[in-house]
Amino acid sequence: MTENDKISQLTNFTFDPCIIEIFLSLSCAATLFMVSKQLKYEANRLLEKIFHAHVTFLQITPSLFFHMWSTKRLRITILDKNSYLRILLLGGEPFPSTKLLSEASHSQNKTRLFNIYGITEVSCWSSINEIIKNNGIDESYIGEPLSETIYQVRNENNEILTRGTGFLYIGSSSRICIIGNETDEDNLCKQVFRYTGDVISIDDHGRIFYLGRQNNVIKRFGIKVNLRELEKVMTELNFVRNCAALWDAKSHKLYLCLSIMKIKEFINLENNIISHLRILPAIYKPDKIIIVEQFDFTSNGKICMSSLKKVCRNSETEVISANNSYADIGEIFKNLWSQHIKVKDVGFLTSGGTSITALQISSAAAETFKVEFPELIGMLLKDVTFIECVNYIRTTLTSLDWNMSLNRCIAVFYDNKIQSIFNTDKFMIEKPVLNSYPMSTNRNNSYQYKCRGKTNGDILVQEQSIKLLSINISSIEVVSTYNLQKCVDASPTVYCYSTSELFVTVGSHSGIICTVNLLEKNTKPYELKLPDRIEASILVLTEFRGIVGCYDGYIYCVHLKTGEVIWKFQTQDMVKCTAITCVQKSKIFVGSYDHHIYCLSIEDGTQIWKTKASQGGICATGCLHPQSISVLFGTLDGTCLALRQFSGLIMWKHKLQDPVFVAPVVLQNGYVLFCSVAGMLCCFDIETDCQMWRYEICGNVFSYPIITHMSINNNEHVILASRNKHLYCLEMPQMIMEEKEPRLRYMLQFHSAIFATPWCEDKHMFVACTDGTFQVFDILEGKLFTSKRLPGEIFSSPVVHDNLAVLGCRDNNLYVLKLG
């Protein structure tokens with residue numbers, strides 16, 4: 001190892017190999033490559049980071065290596081022919097087959113492979129063997145002992161063997177760990193040998209080959225599990241007559257076979273077993289529990305493990321379900337979820353989920369659907385809810401054109417001895433029902449709002465909207481106008497609490513906030529007045545509550561119908577930034593021209609935290625970054641930053657050369673786009689502080705970037721409008737590992753500058769120019785459908801819902817337009 005190496009540090013700090021990684025880099029002045037805990041659970045993204053960072057040294061367990069990454073992905077990344085990875089150390093578990101490694105490696109790959117072996121009780125690493133292709137050496141050969149390490153092979157009588165099969169002991173006179181109740185005074189100055197628990201064979205040349213574990217301590221997800229501990233805990237249940245735990249290393253499954261006293265106790269098995277298993281760490285939770293009427297025994301009076309293995313194999317009998325509907329997908333995943341988590345309405349971690357549980361759910365989902373879900377573990381560890389996981393699984397299956405029948409595990413009988421089976425996706429006694437996820441019309445808990453190019457909140461499906469927007473729009477007419485006394489530069493917010501109502505709210509330079517019922521033309525609008533100008537959009541909450549910043553330096557929470565000020569919070573300068581909520585809708589994030597970002601309680605406006613972002617004011621809306629549980633803001637001195645939502649601690653910061661007037665956006669791969677006023681669009685990976693690419697349009701940008709998906713290929717596109725009278729449609733790189741710039745799909749030229757944010761929906765794009773022109777385009781090709789000229793300048797961003805479009809104008813009016 002040299003100072004030119006880059007050593008990965010992926011091991012948890014509770015696992016002793018992490019010490020090797022850290023001090024190996026220090027000992028040779030090499031670079032240490034470290035990533036966040038969240039990134040460790042996003043397998044594909046982590047692989048990209050290792051690949052792009054040119055890591056030269058990686059140590060990992062074989063099961064984790066091949067569990068996280070497919071052989072195909074490895075072959076085109078870190079095991080490609082031009083890979084920078086010099087050393088790959090696989091240890092902690094039996095070495096994988098050379099056939100599997102060959103599948104994962106390019107034929108011209110130069111990475112050196114090593115089988116590393118050792119135990120924590122001595123030196124973590126005790127021997128090493130370089131695996132050379134086609135050298136005739138079995139991959140189970142554990143190699144030569146390292147310095148200050150001695151190997152001994154002993155038989156059952158504790159006699160030292162020079163060849164044959166026996167148990168491995170590792171000794172040293174200098175590498176000595178204090179274990180259990182030992183003390184320094186114990187005679188530990190001489191050679192001390194530790195029992196490994198491994199059965200090995202030694203050949204005529206003294207070479208040692210790993211055969212397996214002698215006891216019942218197995219490695220599950222890289223963590224030691226003592227099967228006897230699991231059995232001991234389960235026999236504490238009064239209805240359990242006997243039990244046996246089996247580990248299938250091939251399928252990576254842990255089985256628990258139980259023989260119970262009384263069959264009538266079966267009704268309460270689920271609650272009793274799950275509750276009792278909580279005594280042990282989550283890693284002990286079995287993948288499948290099998291109820292056996294009685295065990296078979298050997299002639300020596302011991303449980304016959306071979307017969308139980310056959311029971312476990314037969315328990316994998318499956319039936320094919322003819323129903324592969326989306327509701328069935330949800331039902332199956334509900335079974336997976338319910339095995340580990342009892343609550344679906346709050347986040348995974350909030351419900352008591354752990355990293356081990358996340359691994360179990362992810363593995364079970366992959367096995368059930370026969371499809372890998374690489375982002376699922378990362379999502380779970382970011383505290384997403386059950387419904388978010390189901391939506392991700394559905395999206396993944398849809399993208400793969402998944403139309404195979406679903407495999408469903410059922411109870412089976414083996415020689416009439418098995419009474420029932422519990423497994424990961426079949427653990428509940430009662431059959432769960434999950435047909436769909438209809439949205440409640442109760443305004444206490446669900447609503448949708450649209451503003452400045454984005455739709456937020458719950459999705460209210462409106463068939464009329466889909467029907468109307470699926471045809472070409474050929475006409476625009478003014479339905480109604482509402483005079484707000486001064487310029488309406490703020491962008492309106494359109495919202496609904498049910499499918500039978502629709503409202504729009506907007507503020508103006510006069511301080512007036514106007515709320516209009518869009519479905520009842522003859523009703524009088526609701527109005528209230530704040531002390532100063534309003535340029536921010538209204539953040540709409542349930543029960544007609546709205547939050548908005550004002551030029552007087554206050555952030556107001558008001559009732560949009562009665563005009564009541566529910567609470568207000570004072571900053572030290574004007575507030576032009578639109579507030580956003582956290583996922584739980586319990587707090588807001590908003591910036592002020594006083595250089596600070598505030599986190600306030602929605603309930604009463606109390607300050608939870610405030611953070612000075614930079615030396616510049618903040619006028620652009622923030623953006624949640626789900627992948628890192630942070631909130632993103634750009635400031636007027638060019639600072640781009642990510643803050644921790646719970647504390648306001650700055651997690652990441654980058655400085656652009658020019659001010660930022662627009663909100664950042666997050667791509668589906670987790671990368672973040674910031675755009676400066678000078679028209680420099682920059683893509684960052686905020687978790688590794690790496691700029692992936694930048695794209696310059698040579699024009700000032702005050703219009704928020706909009707992410708949309710083209711129906712022609714569903715690729716991610718960014719719509720960016722500029723003061724230079726042009727609008728750009730940029731296709732994002734399909735393979736984020738290529739680090740390419742976006743591709744310009746098309747560019748539109750206008751007769752006037754664009755300050756307003758376009759609205760994109762279905763195949764339509766709605767653009768408002770400063771000269772008062774409102775135009776409708778075909779978003780796929782940029783073809784103009786129709787246009788309408790309003791009598792004043794437009795800086796307000798349009799919002800489209802059903803066949804209506806609303807936007808403000810500098811002739812002091814809010815316009816409601818009908819699309820025909």
Side-chain angles (χ1 to χ4, degrees), residues 8-13 33-53 55 58 60-61 63-74 76-78 85 221-222 333 347-349 353-366 369 371-386 388-397 399-400 583 623-632 642 644-645 651-652 665-673 683-692 716 732-739:
S8 65
Q9 200 287 299
L10 303 180
T11 309
N12 291 335
F13 293 132
F33 173 82
M34 307 178 78
V35 298
S36 66
K37 186 175 182 180
Q38 290 86 358
L39 185 55
K40 289 181 183 179
Y41 293 103
E42 297 183 52
N44 287 342
R45 197 153 165 250
L46 175 61
L47 183 60
E48 292 159 14
K49 298 313 156 201
I50 296 173
F51 180 65
H52 286 307
V55 168
L58 172 65
I60 193 169
T61 62
S63 63
L64 196 57
F65 187 69
F66 289 106
H67 175 78
M68 289 199 300
W69 305 311
S70 67
T71 55
K72 181 179 179 182
R73 298 288 293 175
L74 291 168
I76 62 174
T77 53
I78 60 174
L85 187 66
F221 299 116
F333 188 73
F348 172 78
L349 297 177
T354 66
S355 58
I356 297 301
T357 310
L359 280 167
Q360 290 176 311
I361 291 178
S362 177
S363 299
F369 295 106
V371 172
E372 291 296 329
F373 301 100
E375 308 301 326
L376 185 56
I377 294 176
M379 289 174 63
L380 291 168
L381 294 174
K382 289 165 192 167
D383 206 29
V384 299
T385 62
F386 165 78
E388 289 175 290
C389 291
V390 171
N391 289 339
Y392 164 66
I393 289 174
R394 286 174 173 164
T395 301
T396 303
L397 296 178
S399 67
L400 296 174
V583 175
C623 173
L624 299 183
H625 186 255
Q627 288 85 351
S628 64
I629 322 180
S630 61
V631 59
L632 309 168
R644 204 173 283 280
Q645 292 187 30
M651 303 168 58
W652 172 88
V665 292
V666 180
L667 300 177
Q668 61 188 6
N669 55 31
Y671 291 166
V672 178
L673 301 184
C683 177
F684 296 101
D685 185 331
I686 66 171
E687 294 202 34
T688 58
D689 194 20
C690 180
Q691 179 174 296
M692 307 307 296
E716 205 167 19
M732 295 297 100
Q734 294 185 42
M735 293 293 293
I736 54 179
M737 291 172 56
E738 297 175 0
E739 298 188 36

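These figures come from a predicted structure and were not determined experimentally.
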- Message: Assess whether a salt bridge exists between Lys40 and Glu687, defined as any Lys/Arg side-chain N lying under 4.0 Å from an Asp/Glu carboxylate O.
- Response: no
- Between Lys382 and Glu42, is the closest basic N to carboxylate O distance under 4.0 Å? yes
Do [X] and [Y] have side chains that approach each other closer than 4.5 Å (heavy atoms only, starting at C-beta)?
{"X": "Cys690", "Y": "Phe684", "value": "no"}
{"X": "Ile50", "Y": "Leu10", "value": "yes"}
{"X": "Tyr671", "Y": "Ile686", "value": "no"}
{"X": "Leu74", "Y": "Leu47", "value": "yes"}
{"X": "Val672", "Y": "Cys683", "value": "no"}

With rounding to the nearest 0.5 Å, note down the distance linking [atom1] in [X] to [atom2] in [Y].
{"X": "Asp685", "Y": "Arg45", "atom1": "CG", "atom2": "CZ", "result": "4.0 Å"}
{"X": "Leu632", "Y": "Cys623", "atom1": "CG", "atom2": "SG", "result": "5.5 Å"}
{"X": "Leu380", "Y": "Ile361", "atom1": "CG", "atom2": "CD1", "result": "5.5 Å"}

- Message: Quick check against the 3.5 Å criterion: does Thr395 have a side-chain atom that pairs as donor or acceptor with the backbone of Asn391?
- Response: yes
- Donor-acceptor under 3.5 Å (His625 side chain, Gly670 main chain): yes
- Message: Using the side chain to side chain contact (heavy atoms under 4.5 Å, CB included) criterion, which residues pair with Gln9? Sequence neighbours excluded.
- Response: Thr11, Phe13, Cys18, Glu21, Ile22, Leu32, Met34
- Using the salt bridge (charged side-chain N to carboxylate O under 4.0 Å, His left out) rule, take Arg73 and Glu48 through it: C-alpha gap first, then chi angles, then the decisive distance, then the call. CA-CA 10 Å; Arg73 298 288 293 175; Glu48 292 159 14; 3.8 Å; yes
- For the pair Leu46 and Trp69, evaluate side-chain contact (heavy atoms from CB on, under 4.5 Å) and give the outcome as yes or no after the intermediate values. CA-CA 10 Å; Leu46 175 61; Trp69 305 311; 4.0 Å; yes
- Item | Pairing residues for Phe33 by the ring pair (Phe, Tyr, Trp, His ring centres under 6.0 Å) criterion, not counting sequence neighbours | none
